[in-house]
There are 2 protein chains.
Amino acid sequence: MKKIDILKKLRTSGLRPTKQRVEIAKFLFERDKTFHFTVESLNKLLEKKTSNKFALATIYNTVHAFKSAGHLSEVEVRGKKTYFDTNVSNHHHFYDSENSELIDIDSNDVVIQKIPKAPNGKKIKNIEVFINLKN
Amino acid sequence: MKKIDILKKLRTSGLRPTKQRVEIAKFLFERDKTFHFTVESLNKLLEKKTSNKFALATIYNTVHAFKSAGHLSEVEVRGKKTYFDTNVSNHHHFYDSENSELIDIDSNDVVIQKIPKAPNGKKIKNIEVFINLKN
DNA sequence: ATCCAGTTTATAATAATTCTAAAGTAAAAC
DNA sequence: GTTTTACTTTAGAATTATTATAAACTGGAT
């Protein structure tokens, strides 16, 4: 994704393309493979990659803004930190607790044959399959 | 589950049946349906139900002790608080984010036809299916 | 009854995240 | 191109869930 697209992405989401947002967006979205991170890991990587330092609160603000705009998804992982994913399509995850690593599973690689119907008055929003790994 | 069984349950787990543990165990395990809770909700419910007050740290200690002994399971729910479940068999969950409620799904009610093979050198520990609900 | 390891307790410490209010800035209005 | 305005960033404080600490307590062995 090119810089011009980054700017468009931000503008069309109603996000003013500030220096910080553009930097973070470039870091997150200018890549081929999907990327999983926590606010802490993102912060460290940004410190290395770019010369600028961002306030931690800015990382939080930005990541949440991107999430609200649908550019990031939050992954269901129990633990202290919240994981985010640049893959916003419907998909599943392996979780390797050895090194706290998430790995995407394409939606097509999981086929569910049978699920229960939703409780009264409720509908199914989405189904997440989480495969925990061991060595 | 009767009191005598509660005591046996604690003793066979190597847990000394203290006043607090017995009270909490009775509250958690003397019921027919499975029960989902957070430390906070459990604490509130115990305050109402029993005349005794427990230190919050005791609730944490006890819940973790029960979990280590295999009498409680921890559920994968993203959010600030950790959820526990008196159902320790292999099963899945609905999650109703409207009222932060978990509902058990029997393992037999979910059939997965296809899953990807685990990444190199890793094995599958378990599979958790999480069905998010909406109104 | 006495003792001791395991427990409970109140409180402090920690960790992730959110809040706050002042200073900064993109972009609209002039 | 200035000025203005509303949105952002920032540093630090506040909050929240959880864990650690260390002193007081207690079940159960002796």
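Just so it is clear, the structure is predicted and the values come from calculations on it, not from any experiment. First the proteins, then the strands, lettered A, B, ... as listed; each starts at 1.
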Atom NZ of B:Lys81 to atom C1' of C:dA16: distance rounded to whole Å?
15 Å

Within the 3.5 Å criterion, strictly below it, is a donor on B:Asp106 or B:Asn108 matched to an acceptor on the partner's side chain?
yes

Just wondering, do A:Leu28 and A:Leu42 contact through their side chains at under 4.5 Å, heavy atoms?
yes

Within residues 61-80 of chain B, those residues having any heavy atom closer than 4.0 Å to DNA chain D are B:His64, B:Lys80

OP1 or OP2 of D:dT26 versus the side-chain N and O atoms of B:Gln20: is any pair under 4.0 Å?
no

If you measure from the Lys or Arg side-chain nitrogens to the Asp or Glu carboxylate oxygens, is any gap between B:Glu23 and B:Lys19 under 4.0 Å?
no

Between C1' of C:dA15 and CD1 of A:Ile59, the distance in whole Å
17 Å

Could you measure the distance from the CD1 atom of A:Ile131 to the OH atom of A:Tyr95? Nearest 0.5 Å is fine.
15.0 Å

Rounded off to whole Å, could you give me the CG-to-C1' distance for the B:Asn43 and C:dA10 pair?
14 Å

Can you confirm if the aromatic rings of B:Phe84 and B:Phe66 lie within a centre distance of less than 6.0 Å?
no

Testing A:Glu128, A:Glu74, A:Glu76 one by one against B:Arg78 for a salt bridge (charged side-chain N to carboxylate O under 4.0 Å, His left out), which residue passes?
A:Glu74

So does B:Thr82 get a side-chain nitrogen or oxygen closer than 4.0 Å to the phosphate oxygens (OP1/OP2) of D:dT18?
yes

What is the separation between atom NZ on A:Lys19 and atom P on C:dA26, rounded to the nearest whole Å?
7 Å

Round to the nearest Å and state the distance from A:Leu7 atom CG to C:dA26 atom C1'.
12 Å

List in chain and number order the residues that pass salt bridge (charged side-chain N to carboxylate O under 4.0 Å, His left out) with A:Asp96, two or more places apart in sequence or in another chain; answer none if no residue qualifies.
B:Lys122

Start at the 5' end of DNA chain D and walk down; is the nucleotide closest to A:Ala55 or to B:Thr38 reached first?
A:Ala55

Could you give the CD-to-C1' distance, from B:Glu40 to D:dT16, as a whole number of Å?
10 Å

When the nearest nucleotide of DNA chain D is assigned to B:Thr18 and to B:Ala57 on a heavy-atom basis, which residue is associated with the more 5' position?
B:Ala57

Distance only, no hydrogens: is a donor on one side chain within 3.5 Å (strictly under) of an acceptor on the other, for A:Asn87 and A:His36?
no

List every contact pair, protein side and nucleotides 28-30 of chain D side both N or O, where the distance is under 3.5 Å.
unit_1 : atom_1 : unit_2  : atom_2 : d
D:dG28 : OP1    : B:Arg11 : NH2    : 3.2

Looking at B:Phe27, I'd like to know if the NZ or CZ of B:Lys49 sits under 6.0 Å from its six-membered ring centre while staying within 45 degrees of the ring's axis.
no

Is the shortest side-chain N/O distance from B:Tyr60 to OP1 or OP2 of D:dT19 below 4.0 Å?
no

Euclidean distance, atom CG of residue B:Leu56 to atom P of D:dT18 [Å, nearest integer]
9 Å

Nucleotide C:dT25, atom P - distance to CG of A:Leu10 in whole Å
18 Å

